[in-house]
Colleague: 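Dropping the structure in here first, questions after.
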Amino acid sequence: MVEMMKNPFFSFPDLENEYPSSYTPLLQDQISKQDHERPRNVQQTSNKGLLLTFSLFICIAFVVVFTGSDHSSMSPVVVIDDDNRPSLSSPSEKLTPIIPRGVSEGVSEKSFHPVSGDGILLFPWSTNMLSWQRTAYHFQPQKNWMNDPDGSATLLPDGSIVMIYTGSTNESVQVQNVAFPANLSDPLLIDWFKYSGNPVLVPPPGIGAKDFRDPTTALQVSDKWRIVIGSRFNTTGIALVYETTDFLSYKLLDGLLHEVPTTGMWECVDFYPVSTTAANGLDTSVNGPGVKHVLKASLDDTKKDYYALGTYDSETNTWTPDDPELDVGIGIRYDYGKYYASKTFYDQNKKRRILWSWIGETDSETADIKKRWSGVQGIPRVVTFDKKTKTNVLQWPVQEVESLRHSSVEFDKVKVEAGSIIPLDVGTATQLDIIADLEIDSKALEGTIEADVIYNCSTSNGAAGRGALGPFGLLVLADESRSEQTAIYFYVAKGIDGHLTTFFCTDKSRSSKANDVGKEVYGSIVPVLDGERLTMRILVDHSITEAFAQKGRTCITSRVYPTQAIDGAARLFLFNNATQASVTVTSLKIWHMKSASIHPYPL
């Protein structure tokens with residue numbers, strides 16, 4: 001049963017505390033030339049076009065025992081004054097300004113901190129609030145820092161395995177090194193030994209000492225193997241290609257795989273094929289008719305992951321984008337929220353290309369230290385070519401996530417009038433998998449001459465900004481009074497020529513009463529073809545949400561840190577803040593998600 005309330009958004013405040021939310025990853029440890037940086041992620045590929053890929057994260061994250069337990073009930077201790085500023089339950093406590101630690105202390109400084117005077121004004125997080133933030137079905141270690149799921153390994157024709165990874169010398173020069181498994185019969189490949197001749201690669205002439213990292217999984221061309229390494233020339237992002245036959249000696253190929261001016265340093269570069277005709281993934285070495293190649297780079301300057309579709313010419317060793325206006329670093333992103341340093345691998349057993357990513361925090365470093373952990377891995381996603389638009393890939397959570405679905409609630413044909421909100425009786429809304437199909441009123445679409453032609457999610461007033469045809473969607477991690485809420489929604493703009501442009505956004509401006517967390521509005525355009533309904537899927541897992549529009553054409557990952565909408569107080573709502581158009585939720589299915597019991601390996 002649903003109950004409608006009218007005009008809930010008129011009192012929305014303007015966006016406050018909007019800060020950039022990026023980390024600067026720790027990309028290298030200061031260790032000796034012989035004892036190089038630890039490898040990140042493991043991927044392997046075989047000869048003759050058969051890529052046998054694995055990941056240490058996959059081994060840990062998927063070999064788990066799923067339980068039905070939820071996090072224990074916790075209660076916040078923060079109270080809110082009339083002016084919506086946080087105050088403490090004890091008048092003797094004070095908000096403490098501090099100076100953030102930085103690189104000199106061996107950590108990455110966060111750049112989005114709200115600053116008051118000579119330091120940061122911190123929110124008084126309780127132990128219960130911080131404990132609630134720990135995810136239930138995302139992979140993360142028991143404690144400490146987690147970042148990139150990167151670096152690569154290759155399965156050689158004789159059955160041996162070689163790992164290539166980036167290290168740093170005592171002089172802070174980035175170098176490429178090789179390691180081999182100590183025990184090939186170990187399915188987890190826990191122990192490795194380093195090649196005595198390391199490093200096998202040093203920065204070539206013209207490349208900066210700290211601009212040479214993150215080799216890709218190898219791809220085979222004839223009887224040789226090629227790896228791609230990210231770098232830059234001044235402000236131009238570039239991809240270098242090396243060729244090898246034994247993974248111990250390498251030749252830098254002439255020219256560049258690709259370059260894009262003004263994009264800065266390319267790290268965590270990825271390069272892989274996608275089929276334009278089949279739904280399955282492809283071995284990394286596949287090329288030819290019916291194949292496009294994805295070139296992806298993580299931009300060190302902005303901490304965002306961009307990709308582009310194009311064609312790889314192995315003879316000239318060049319990659320050409322299908323659309324220069326959608327080139328790497330200036331066009332499409334994997335994800336328009338907090339999502340960085342991603343890497344794919346090929347799952348040869350299920351014939352799928354799987355994407356992993358690091359999801360950093362957007363709270364204060366002090367809070368991270370207090371809770372004793374920082375960073376999680378995003379839910380692994382299957383990547384396929386979008387055969388309808390032909391201009392992007394689709395990303396969708398791996399099927400294994402559905403095994404965590406527990407009880408479900410369904411709603412059909414729910415009409416949400418303009419300026420209305422509908423609470424959904426689903427119980428505690430902390431761990432959810434939500435799939436919704438929505439239709440905007442056709443008469444309103446036809447009757448609107450022009451609406452919000454210059455709309456932009458990030459520069460808008462979020463869910464509080466009312467337009468003729470939006471916003472409308474769901475409020476997740478909201479408390480009963482919606483003093484805290486995270487809005488995930490569509491917004492439709494219409495040009496005077498009748499052309500419709502659909503945006504998919506996540507608004508964190510009211511996600512928390514805390515003043516030391518990021519409160520951005522994320523989002524971008526999502527292609528919607530004629531005859532398609534608007535669809536979204538949302539994974540809610542405590543302090544993280546992952547949202548997918550139109551089967552994964554546009555994705556948004558967010559870190560959310562409510563102080564009140566936690567545990568049993570978390571609620572779910574439908575909303576429509578448009579001024580003219582009603583919206584019908586033709587189908588809405590909500591699953592409660594079990595917690596994944598991830599057991600650390602007993603090292």
Side-chain angles (χ1 to χ4, degrees), residues 39 41-55 150-166 175-181 184 189 192-202 204 212 214-231 238-258 269-276 278 280-296 310-320 343-349 351 353:
N41 201 37
V42 181
Q43 300 179 333
Q44 62 186 32
T45 179
S46 69
N47 63 334
K48 298 183 180 179
L50 175 63
L51 180 66
L52 300 175
T53 311
F54 67 96
S55 164
D150 287 300
S152 60
T154 301
L155 178 64
L156 300 179
D158 62 1
S160 61
I161 298 172
V162 57
M163 179 189 292
I164 314 169
Y165 65 97
T166 298
V175 294
Q176 311 310 315
N177 307 284
V178 171
F180 305 92
L184 276 173
L189 298 177
W192 296 75
F193 65 91
K194 298 174 182 177
Y195 173 51
S196 61
N198 282 338
V200 296
L201 282 173
V202 299
F212 184 65
D214 304 328
T216 64
T217 300
L219 62 96
Q220 189 176 31
V221 178
S222 298
D223 59 346
K224 297 180 180 179
W225 298 91
R226 294 178 182 178
I227 62 171
V228 183
I229 298 177
S231 189
I238 64 172
L240 306 167
V241 178
Y242 285 85
E243 196 168 67
T244 183
T245 57
D246 58 7
F247 289 88
L248 300 178
S249 59
Y250 296 81
K251 174 187 176 182
L252 176 62
L253 297 186
D254 292 336
L256 299 170
L257 177 67
H258 196 55
V269 168
D270 202 7
F271 188 58
Y272 60 90
V274 289
S275 173
T276 61
N280 58 280
L282 295 177
D283 169 280
T284 300
S285 299
V286 170
N287 200 358
V291 173
K292 293 286 184 184
H293 269 79
V294 173
L295 178 59
K296 170 264 169 183
T311 302
Y312 178 52
D313 186 337
S314 60
E315 294 296 323
T316 61
N317 185 45
T318 55
W319 175 89
T320 304
K343 217 63 176 288
T344 67
F345 73 93
Y346 178 62
D347 173 7
Q348 78 282 356
N349 291 327
K351 294 181 170 43
R353 173 71 51 175

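Side-chain atoms are counted along with the backbone in the values below, which use heavy atoms only and exclude waters and symmetry mates. FYI, the numbering just counts along the sequence from 1. Not measured: the values here are computed from a predicted model.
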Colleague: With distance as the sole test, does T217 use its side chain to make a donor-acceptor pair with the main-chain N or O of S152 at under 3.5 Å?
Modeller: no
Colleague: Please report the closest heavy-atom contact between T245 and W225, naming both atoms and the distance.
Modeller: O-CD1, 4.4 Å
Colleague: Of all residues at least two apart in sequence or in a different chain, which pass the side-chain hydrogen bond (donor to acceptor under 3.5 Å, both in side chains) check with T318?
Modeller: T316
Colleague: Between I164 and Y242, is there a side-chain heavy-atom distance shorter than 4.5 Å?
Modeller: no
Colleague: Please identify which of these residues, N177, V178, I229, meets the side chain to side chain contact (heavy atoms under 4.5 Å, CB included) condition with L201.
Modeller: I229
Colleague: Quick one: closest heavy-atom pair of F212 and P204, and the distance?
Modeller: CE1-CD, 3.8 Å
Colleague: Which atoms form the tightest heavy-atom contact between K343 and P215, and what is the distance?
Modeller: NZ-O, 3.5 Å
Colleague: Should the heavy atoms of other residues, nucleotides or ligands under 6.0 Å from CG of D254 be counted, would the total exceed 12?
Modeller: no
Colleague: Has T216 got a side-chain atom pairing as donor or acceptor with V228's backbone, closer than 3.5 angstrom?
Modeller: yes
Colleague: Specify the closest pair of heavy atoms between T154 and A218, including all atoms of both residues, with the distance to one decimal.
Modeller: OG1-CB, 3.5 Å
Colleague: If you take all heavy atoms of A179 and Y165, which pair is closest and at what distance?
Modeller: CB-CE2, 3.8 Å
Colleague: Which salt bridge (Lys or Arg N to Asp or Glu O under 4.0 Å) pairs, counting each pair once, include a residue from residues 216-226, with sequence neighbours left out?
Modeller: K224-E243, R226-E243
Colleague: For Y312, check ring-ring contact (aromatic ring centres under 6.0 Å, His included) against everything at least two apart and list the hits.
Modeller: F271, H293
Colleague: I need the minimum non-hydrogen distance between T276 and K292, along with the two atoms involved.
Modeller: CG2-CG, 3.4 Å
